[in-house]
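Residue indices begin at 1 and follow the sequence shown. Whatever order the structure lists ligands and atoms in, that order sets their numbers, starting from 1.
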Amino acid sequence: MSEDTVAPAELERSDIERFSDERFTGDNVAIVTGGASGIGRATAIVLAENGVTTVATDVDEDGLEGTVEKGEELGVEGEIHALPGDLTDDAEMAAVVEEAAELGDIRFLANIAGIQHIDAIEDFPMDTYDVMHQVMLRGPLYLSKLCLPHMEEAGGGVIGNMASVHGHYVTRDKVAYNMMKFGIRGLTRSIAAEGEGQNRSFSISTGYVKTPLVMNQIEDTAESRGITEREVVEDVMLGQARTKEMMEPVEVGNLFAFGFSQNARHLNGNDLLWDGGYTHTYE
Ligand code: NAD
């Protein structure tokens with residue numbers, strides 16, 4: 001791999017952070033949406049390595065199998081179960097939660113699945129807006145609604161939501177994505193407000209993470225602009241950030257595990273902004 005190209009994400013077992021936590025056992029269950037790819041896959045694997053029985057859910061059944069296989073290949077400590085389901089379908093989500101509850105006590109929920117669509121407001125297709133709303137806001141609320149009683153019964157749980165730098169500031173032509181990421185921070189705070197300290201919530205905001213979606217964009221942008229892949233990352237994508245490296249999906253997975261752990265017991269309703277200085281510095 002030359003210096004001009006960008007290495008794809010790799011997940012080694014040694015990259016996974018282990019947190020000592022009495023709740024990180026096989027009796028407790030974590031549900032992870034978007035579990036077939038990118039950040040969701042990495043988070044499912046990190047939680048399983050931390051000993052939690054993990055349910056990876058997604059519409060992409062082949063991708064879910066890939067997650068289970070990757071967990072097996074790495075020899076992670078806990079179980080990973082693939083339970084396919086579409087976040088736009090309430091009945092399918094209810095079935096996922098019901099099945100997950102049979103595996104143990106549902107203590108953790110990671111709302112990670114998300115999609116992007118780029119168009120100016122005047123051109124934005126409203127049916128695409130509706131799907132994004134269902135996947136990125138209504139779905140996380142519905143899953144929270146279904147999981148909270150289980151968490152209550154188990155003696156407390158934690159809901160982690162994937163936001164973005166776009167939950168802090170916005171860029172043009174991403175109106176629905178911006179709205180969903182600001183919205184998920186509202187959901188996060190609402191869960192904290194009603195959780196009485198027993199059920200916690202937090203969100204995670206990152207800049208660019210090396211997931212398949214982003215890696216494909218790098219190749220295409222390099223080709224169309226006639227610049228190297230590294231220049232696309234450093235000048236185009238992370239031009240505004242101080243740290244000129246994208247995050248690895250496993251680093252985001254590690255943040256979810258930290259947020260779920262008792263180390264983060266005072267993190268409630270707020271956001272972990274891991275953006276390499278993208279949002280709060282100005283050259
Ligand atoms: P990804 O495309 O690799 O994974 C997203 C997953 O969501 C896919 O597996 C997809 O099948 C699933 N999904 C889509 N529609 C669904 C539906 N209807 N029901 C169930 N699952 C569905 O993307 P990623 O880069 O890993 O992103 C994951 C999350 O992280 C998203 O919320 C994204 O907005 C956020 N995020 C990503 C980055 C980044 O740079 N990659 C940065 C900040 C935030």
### Any side-chain heavy-atom pair of V46 and E17 under 4.5 Å
no
#### Entry: Identity and distance of the protein heavy atom lying nearest atom 33 (C) of ligand 1
Y177 OH, 3.5 Å
### Task
Work out whether the distance between some heavy atom of K181 and some atom of ligand 1 is less than 4.0 Å.
yes
### Task
For N178 and T171, indicate whether the former's side chain and the latter's backbone hold a donor-acceptor pair under 3.5 Å.
yes
### Message
Check for me whether T206 has a heavy atom closer than 4.0 Å to any atom of ligand 1.
### Response
yes
### Query
Can you tell which part of L87 has a heavy atom less than 4.0 Å from ligand 1: side chain, backbone, both or neither?
both
### Query
What protein heavy atom is closest to atom 2 (O) of ligand 1, reported as residue, atom name and distance in Å?
L213 CD1, 4.0 Å
### Task
Indicate yes or no: at least one non-hydrogen side-chain atom of H168 is less than 4.5 angstrom from one of R185.
yes
### Query
Is it the side chain, the backbone, both or neither of I112 that has a heavy atom closer than 4.0 Å to ligand 1?
both
### Message
Test of understanding: given a 4.0 Å heavy-atom threshold, classify the contact between D86 and ligand 1 as side chain, backbone, both, or neither.
### Response
both
#### Entry: The one among S164, G207, S205 that brings a heavy atom closest to atom 38 (C) of ligand 1
G207
### Message
Measuring from non-hydrogen atoms of A163 to any atom of ligand 1, is the shortest distance under 4.0 Å?
### Response
yes
### Query
Of the listed options (S37, G40, G38), which comes nearest to atom 1 (P) of ligand 1 when hydrogens are ignored and any heavy atom counts?
S37
### Query
According to the interplanar angle, ranging from 0 to 90°, do the rings of F260 and F108 count as parallel (below 30°), tilted (30 to 60°) or perpendicular (above 60°)?
tilted
## Note on the structure
If you scan protein heavy atoms around atom 40 (O) of ligand 1, the nearest is V209 N, 2.7 Å
#### Entry: Residue V214 vicinity, atoms of ligand 1 by number, heavy atom under 4.0 Å
39 (C), 40 (O), 41 (N)
### Message
Tell me which one of I106, V97, L103, L109 satisfies side chain to side chain contact (heavy atoms under 4.5 Å, CB included) with V55.
### Response
L103
### Query
Counting each atom of ligand 1 from 1 as listed, which ones have a heavy atom of G34 under 4.0 Å away?
6 (C), 7 (O)
### Summary
Among non-hydrogen protein atoms, atom 14 (C) of ligand 1 lies closest to I115 CG2, 3.9 Å
## Note on the structure
A student checking ligand 1 against Y208 at a 4.0 Å heavy-atom cut-off should list atoms 40 (O)
### Query
Is a side-chain N or O of D86 found less than 3.5 angstrom from the main chain of V59, in a donor-acceptor match?
no
### Message
With a 4.0 Å cut-off on heavy atoms, is G139 in contact with ligand 1?
### Response
no
### Task
Check whether any heavy atom of G35 sits under 4.0 Å from an atom of ligand 1.
no
### Message
Quick check on the 6.0 Å ring-centre criterion: do F258 and F202 meet it?
### Response
no
### Query
Is R18 paired with E77 through a side-chain N to carboxylate O contact shorter than 4.0 Å?
yes
### Task
Nearest heavy atom to atom 9 (O) of ligand 1 wins, so pick from D275, T57, D58.
D58
### Task
Could you say whether the N/O atoms of I39 and ligand 1 ever approach to under 3.5 Å?
yes
### Query
Relative to each other, are the rings of H166 and Y169 parallel, tilted or perpendicular (30° and 60° limits)?
tilted
#### Entry: Under 3.5 Å: donor-acceptor pair, side chain of T206, backbone of S164
no
### Query
If you take all heavy atoms of D275 and H280, which pair is closest and at what distance?
OD2-N, 4.4 Å
### Task
Report the residue from N111, N161, D271, N270 that forms a side-chain hydrogen bond (donor to acceptor under 3.5 Å, both in side chains) with S203.
D271
### Query
In the protein, what heavy atom is nearest to atom 22 (C) of ligand 1, and what distance, to one decimal place, separates them?
V59 CG2, 3.6 Å
### Nearest-neighbour protein heavy atom for atom 5 (C) of ligand 1, which is reported as residue plus atom name and distance
G114 O, 3.7 Å
## Note on the structure
Ranked by distance from atom 23 (O) of ligand 1, the top protein heavy atom is T211 OG1, 4.4 Å
### Message
Going by side chain to side chain contact (heavy atoms under 4.5 Å, CB included), R200 matches just one of T188, I159, N268, I191. Which one?
### Response
N268
### Query
Between V29 and H81, is any pair of side-chain heavy atoms under 4.5 Å apart?
no
## Note on the structure
for atom 35 (C) of ligand 1, nearest protein heavy atom and its distance come out as M162 CG, 3.6 Å
